[in-house]
Amino acid sequence: MYAIVEIAGQQFKVAKDQKVYVHRLQEAEGSKVTFDNVMLIEDKGNVTIGAPAIEGAGVTARILGHLKGDKVIVFKKKRRKGYKKKNGHRQYLTEIQIEGISASGVKKAAAKKEAPKAEAKEESKDLSSMTVAELKALAKEKGISGYTSLKKAELIEALSK
């Protein structure tokens, strides 16, 4: 059984008990993490593909340690000009070990929800201090048609209705 999962902005093909080096994660060493953005799961010939992700699927892993990768040398040169630049870079990485792949039953991480209604009331009072781009974005949220060709005064009038 294997899965293709997105971890820290990159896609990895992972299997149970596999060790993977990924971009630095914020969690502490020894903690468990769950990745719920699973694109594909293969189990004994049965392939499940998500669009873009499989609902309820997840990959659990344990963080083994934080480290730095090998040094990469970046050398730039322009011939006959006397221009040479040499830089080095070591990427911060996290080593994780995949503990399990589940096709269903994983809950999505709760996203932090703000109070957009309270902000909308405050914005309606002070529309004249907003930029045209902000007014157009607000008009798009409210579903006003033809907001792209309106001027600032017309946008304020349409939004205040």
Visitor: Mark yes or no for whether Arg24, through its side chain, and Leu67, through its backbone, hold a donor-acceptor pair below 3.5 Å.
Guide: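 Yes, the answer is positive, given that a donor and an acceptor are paired below the 3.5 Å cut-off.
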Visitor: Begin with the C-alpha distance, continue with both residues' side-chain angles, and end with the deciding distance and a verdict on side-chain contact (heavy atoms from CB on, under 4.5 Å) for Ile73 and Lys71.
Guide: CA-CA 6 Å; Ile73 303 295; Lys71 186 165 216 173; 4.1 Å; yes
Visitor: First locate atom CD1 of Ile49, then atom CE of Met39, and finally report the distance between them rounded to the nearest 0.5 Å.
Guide: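 One finds 12.5 Å between CD1 of Ile49 and CE of Met39.
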Visitor: Per the side-chain contact (heavy atoms from CB on, under 4.5 Å) rule, which among Ile96, Ile98, Val59, Val20 passes with Phe12?
Guide: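 Considering Ile96, Ile98, Val59, Val20, a side-chain contact (heavy atoms from CB on, under 4.5 Å) with Phe12 is found only for Val20.
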Visitor: Tell me if the CD atom of Glu27 is crowded by more than 12 foreign heavy atoms within 6.0 Å.
Guide: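 Counting other residues, nucleotides and ligands, CD of Glu27 exceeds 12 neighbours.
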Visitor: Any chain of hydrophobic side-chain contacts (each under 4.5 Å) joining Val14 to Leu40?
Guide: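 Looking at the clustering, Leu40 is in a separate group from Val14.
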Visitor: Restricting to non-hydrogen atoms, name the atom on Val38 and the atom on Ala3 that form the minimum distance, rounded to 0.1 Å.
Guide: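 The answer is CG1-CB, 4.2 Å.
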Visitor: Glu29 and His66: which non-hydrogen atoms are nearest, and at how many Å?
Guide: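 Closest pair (atom of Glu29, atom of His66, distance): OE2-N, 3.4 Å.
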Visitor: Taking all heavy atoms of Phe35 and all of Glu6, pick out the closest pair and write down the distance.
Guide: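 That would be CB-O, 4.4 Å.
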Visitor: To check you understand the geometry: which heavy-atom pair defines the closest contact between Ile41 and Ala103, and what is its length?
Guide: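 Shortest heavy-atom contact: CD1-CA, 3.8 Å.
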Visitor: When rounded to the nearest 0.5 angstrom, what is the spacing between CD1 in Ile7 and CG in Asn37?
Guide: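 Those atoms lie 10.0 Å apart.
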Visitor: Quick check for you: to the nearest 0.5 Å, what is the distance between Leu150 atom CG and Ile156 atom CD1?
Guide: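 These two atoms lie 11.5 Å from each other.
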Visitor: What are the two closest heavy atoms between Gln97 and Asp17, and how far apart are they?
Guide: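 Reported closest heavy-atom pair: NE2-O, 3.7 Å.
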Visitor: How many angstroms lie between atom CD of Glu55 and atom CG of Asp36, to the nearest 0.5 angstrom?
Guide: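 Glu55 CD to Asp36 CG: 9.0 Å, rounded to 0.5 Å.
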Visitor: More than 12 non-hydrogen atoms from neighbouring residues, nucleotides or ligands closer than 6.0 Å to CD on Gln10, yes or no?
Guide: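 Count over threshold, so yes.
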Visitor: Sub-3.5 Å donor-acceptor pair from the side chain of Arg62 to the main-chain atoms of Gly30, do we have one?
Guide: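 Side chain of Arg62 to backbone of Gly30, a donor-acceptor pair under 3.5 Å: yes, one is there.
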Visitor: Do Ile63 and Val5 belong together in a cluster built from hydrophobic side chains that touch within less than 4.5 Å?
Guide: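 Same hydrophobic cluster.
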Visitor: Taking atom NZ of Lys152 as the centre, does the number of heavy atoms from other residues, nucleotides or ligands within less than 6.0 Å exceed 12?
Guide: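 Check passes, neighbour count above 12.
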Visitor: What's the separation between atom CE in Met1 and atom OG in Ser102, rounded to the nearest 0.5 Å?
Guide: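 Those atoms lie 7.5 Å apart.
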Visitor: To the nearest 0.5 Å, how far apart are CD in Glu134 and CG in Leu127?
Guide: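 Between Glu134 CD and Leu127 CG, I get 10.5 Å after rounding to 0.5 Å.
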Visitor: Looking at Met130, Lys151, Lys140, which hits side-chain contact (heavy atoms from CB on, under 4.5 Å) with Leu135?
Guide: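 When Met130, Lys151, Lys140 are each tested with Leu135, the side-chain contact (heavy atoms from CB on, under 4.5 Å) holds only for Met130.
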Visitor: What are the two closest non-hydrogen atoms of Ile101 and Lys16, and how far apart are they?
Guide: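 Nearest pair, atom of Ile101 first, then Lys16: CD1-N, 4.4 Å.
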Visitor: Check for me, please, whether Val47 and Ile4 land in the same ILVMFWY cluster - side-chain distances under 4.5 Å, paths through other members count.
Guide: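 Yes; Ile4 is reachable from Val47 via cluster members.
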Visitor: Check step by step if side-chain contact (heavy atoms from CB on, under 4.5 Å) holds for Leu138 and Glu141.
Guide: CA-CA 5 Å; Leu138 192 59; Glu141 289 175 14; 4.0 Å; yes
Visitor: Going hydrophobic residue to hydrophobic residue with side-chain gaps under 4.5 angstrom, can you get from Ile144 over to Val132?
Guide: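 Ile144 and Val132: one cluster.
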